[in-house]
Number of protein chains: 2
Amino acid sequence: MDQNSLPPIQTTARDDAVLKALVGFVRAESLQPGERLPTERILAERLKVSRNTVREALTRWEGLGLVERRQGSGTYLKAAVSPDMLHLPLTLAGGNDFTSLMQTLEIRRALEAEAAALCAERASAADIAEIERKLDIMEQAFRTRDGMSSEEDWEFHQAIYRVSGNPLFEQIIAAMHELFHRFWEHPLGVRDFGHASFPYHRTIYERIAARDPQGARNEALKLIATVEDDLKRGAAKLKLPSRT
Amino acid sequence: MDQNSLPPIQTTARDDAVLKALVGFVRAESLQPGERLPTERILAERLKVSRNTVREALTRWEGLGLVERRQGSGTYLKAAVSPDMLHLPLTLAGGNDFTSLMQTLEIRRALEAEAAALCAERASAADIAEIERKLDIMEQAFRTRDGMSSEEDWEFHQAIYRVSGNPLFEQIIAAMHELFHRFWEHPLGVRDFGHASFPYHRTIYERIAARDPQGARNEALKLIATVEDDLKRGAAKLKLPSRT
DNA sequence: GTGTGCAGATTGGTTGGACCATTGGACCAC
DNA sequence: GTGGTCCAATGGTCCAACCAATCTGCACAC
């Protein structure tokens, strides 16, 4: 007997209905990311549900990163929504142990290399100029402070992801970036952490400017390799816990 | 002046605190996925917050797929939780439009190549035997049914991700796999979809067995390239909508 | 003019209490 | 056993109020 022919029935789903209505609203008003949605009170009134229900629905969206709430200000759209959206709530266990960081870095290596290659394929002249601008800013910050500045460095990489034409790169790497940021707060003991990666930023840029996907891919791989080395050195120094 | 030395202060974060406490509870009690957590009322009382606050926290976890709520029964743990978990709420806009699928495929290309390379570096003799077994099953299924079978094909790839030693590969690609599955349900019009990718499964295996990371990476890139070609041909045939 | 500071309105965050709908177990009649 | 009934427990929804952060605009000092 085929038990699949009797799927569980669906009864009430108030807050799901709220989200569905909200998707309709966003589309009807062509709301763009960054714009404000109606206040919770208004939504509750219009949809004829309680404010609590609206809040539960919005909380779910907030957890998925679709929306950002600012007390006293409003609720803002953070990403495009569409009726048949696919949510991938990945939850990566791990924090400051060496193994987790290494694994995260392996993912980043894969994506960084691919993004650089795609960027080299697709960059317009304007795109290349923009990347060079970010590179200059980063290099100047490096010289001024004699050390990697995660802020400007990050801006440079983000520019590459954007030019790759695929927003997923930035989404995924940005999420992992937070993990590293958390880690860098606890200084690593390796005083010149990141120094070694510095020259590869320019070589990546040069390969992109030369429209050389394979070259860009290789330079990106080298850059991540230096970060991995730094990480290993730091781990050895600190005797960082590594998971069994 | 270094603005990084002035991180935003943390004021109230009631529901985050609830989740933190809950993580502690789960660890203290060694709760496994499937087990029941305390009721909302008990949590509210113990943590000295209102039940609504508890519910907002749980709603967020529910949205992330960490817990499941059953009215009249209780709230159940659905996945392992750890104190400093990294949430990666990817939202892929749109299901069936060409652009989204291509973007997903670009991510998969990056990860597939890296996983194959790592796999070639790290595979033990037993690992290689296991991969070959999966390959044989897949090839036999291919010959029997005269076409790619997504089930056995998927098993083969999963084996590679596992041997790579990094669970993130499987997690991320598995999530995206769902998107493709949905898509393949609507047959593409390209009758021999996936046929072209078939031979590369064996070449990937051979490079892994030869402990040749760079070779494995290249073969994986070729495999994804054939899928991309199939997708493009299908899109041209169906006049699939492509986003601007 | 400029900008500084205060007051009020707006908005999300939290609370406590109430009731509904579903679930699952205990109990009972057959 | 089998099926039905009842009941306590639990998540779902609602309401009304207040708290806290934010924004807006006006008055005032310079």
Side-chain angles (χ1 to χ4, degrees), chain A residues 3 6-22 25-26 29 31 33-79 81, chain B residues 6-22 25-26 29 31 33-79 81 89:
Chain A
Q3 307 200 358
L6 278 178
I9 60 173
Q10 191 101 322
T11 165
T12 55
R14 278 287 230 278
D15 45 2
D16 268 348
V18 169
L19 290 185
K20 211 172 141 196
L22 216 38
F25 176 81
V26 169
E29 304 282 321
L31 284 193
E35 293 196 66
R36 224 186 75 165
L37 349 127
T39 71
E40 297 177 350
R41 288 170 175 86
I42 291 182
L43 284 174
E45 185 191 353
R46 291 272 211 287
L47 300 174
K48 294 287 180 225
V49 296
S50 91
R51 201 181 140 212
N52 261 334
T53 305
V54 171
R55 282 186 59 77
E56 296 235 349
L58 287 178
T59 298
R60 181 139 46 224
W61 267 16
E62 189 186 26
L64 290 171
L66 291 179
V67 114
E68 178 181 352
R69 288 150 129 178
R70 287 208 287 273
Q71 185 175 165
S73 174
T75 303
Y76 299 82
L77 203 56
K78 235 175 110 181
V81 298
Chain B
L6 280 178
I9 60 173
Q10 192 95 328
T11 163
T12 54
R14 279 290 229 274
D15 45 1
D16 267 348
V18 169
L19 290 184
K20 211 173 141 195
L22 214 39
F25 176 82
V26 168
E29 304 281 320
L31 284 193
E35 294 195 67
R36 224 186 76 166
L37 332 148
T39 71
E40 298 177 349
R41 286 171 177 86
I42 290 182
L43 284 174
E45 184 192 353
R46 291 272 210 288
L47 301 174
K48 296 287 181 224
V49 296
S50 93
R51 197 181 143 216
N52 266 333
T53 304
V54 171
R55 282 187 59 76
E56 296 238 344
L58 287 178
T59 298
R60 180 139 48 225
W61 266 16
E62 189 186 26
L64 291 171
L66 291 179
V67 298
E68 177 180 353
R69 288 152 132 176
R70 287 207 287 273
Q71 186 175 168
S73 175
T75 304
Y76 299 83
L77 202 56
K78 238 176 105 181
V81 297

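Each chain gets a letter, A, B and so on, in the order its sequence line appears, and its residues count up from 1.
- With C:dT14, D:dG11, C:dG12 as the candidates, the nucleotide lying closest to the side chain of B:T53 is C:dT14.
- No hydrogens or angles were tested; on distance alone, a donor-acceptor pair under 3.5 Å links the side chain of A:R41 to the base of C:dG12.
- Comparing C:dT14, D:dG12, C:dT23 by their closest approach to the side chain of B:E40 singles out D:dG12.
- In this model, no side-chain donor or acceptor of A:N52 finds a partner on the base of D:dG12 within 3.5 Å.
- Side chain of B:R55, nearest nucleotide from D:dG12, C:dT23, D:dT22: D:dG12.
- Applying the 4.0 Å criterion to OP1 and OP2 of C:dT15, one finds that B:S50 has a side-chain N or O inside that range.
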Residues B:E68, B:K78; criterion salt bridge (charged side-chain N to carboxylate O under 4.0 Å, His left out); working and verdict: CA-CA 6 Å; B:E68 177 180 353; B:K78 238 176 105 181; 5.0 Å; no
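- For the pair A:E45 CD and D:dC14 C1', the interatomic distance rounds to 15 Å; values are reported in whole Å.
- Taking atom CD of residue A:E68 and atom C1' of nucleotide D:dT22, one finds them 14 Å apart after rounding to whole Å.
- Residue-to-nucleotide contacts include no donor-acceptor pair under 3.5 Å from the side chain of B:R70 to the base of D:dG12.
- Of the candidate nucleotides D:dG11, D:dT10, D:dA20, D:dA20 has the atom lying nearest to any side-chain atom of A:Q71.
- Computed from coordinates, the B:E56 CD to C:dT15 P distance equals 10 Å when rounded to whole Å.
- The nearest whole Å value for the distance from the CG atom in A:L58 to the P atom in C:dG13 is 9 Å.
- Spacing between atom CG of A:L37 and atom C1' of C:dT11 amounts to 13 Å, rounded to whole angstrom units.
- Here D:dG11 presents its C1' atom at 15 Å from CG of A:D16, a figure rounded to the nearest Å.
- Under a 3.5 Å cut-off, the side chain of B:R60 and the backbone N or O of B:D16 do not form any donor-acceptor pair.
- The interatomic distance linking B:Y76 (OH) with C:dT22 (C1') rounds to 12 Å, in whole Å.
- Contact of the A:W61 side chain with the A:L22 side chain is registered, since non-hydrogen atoms from C-beta on lie closer than 4.5 Å.
- A distance of 11.0 Å separates CG in A:L64 from OG1 in A:T59, rounded to the nearest 0.5 Å.
- Side-chain contact between B:R55 and A:R55 is absent, with no heavy-atom pair separated by less than 4.5 Å.
- A:L47 places its CG atom 15 Å from the C1' atom of D:dC14, with the value rounded to the nearest Å.
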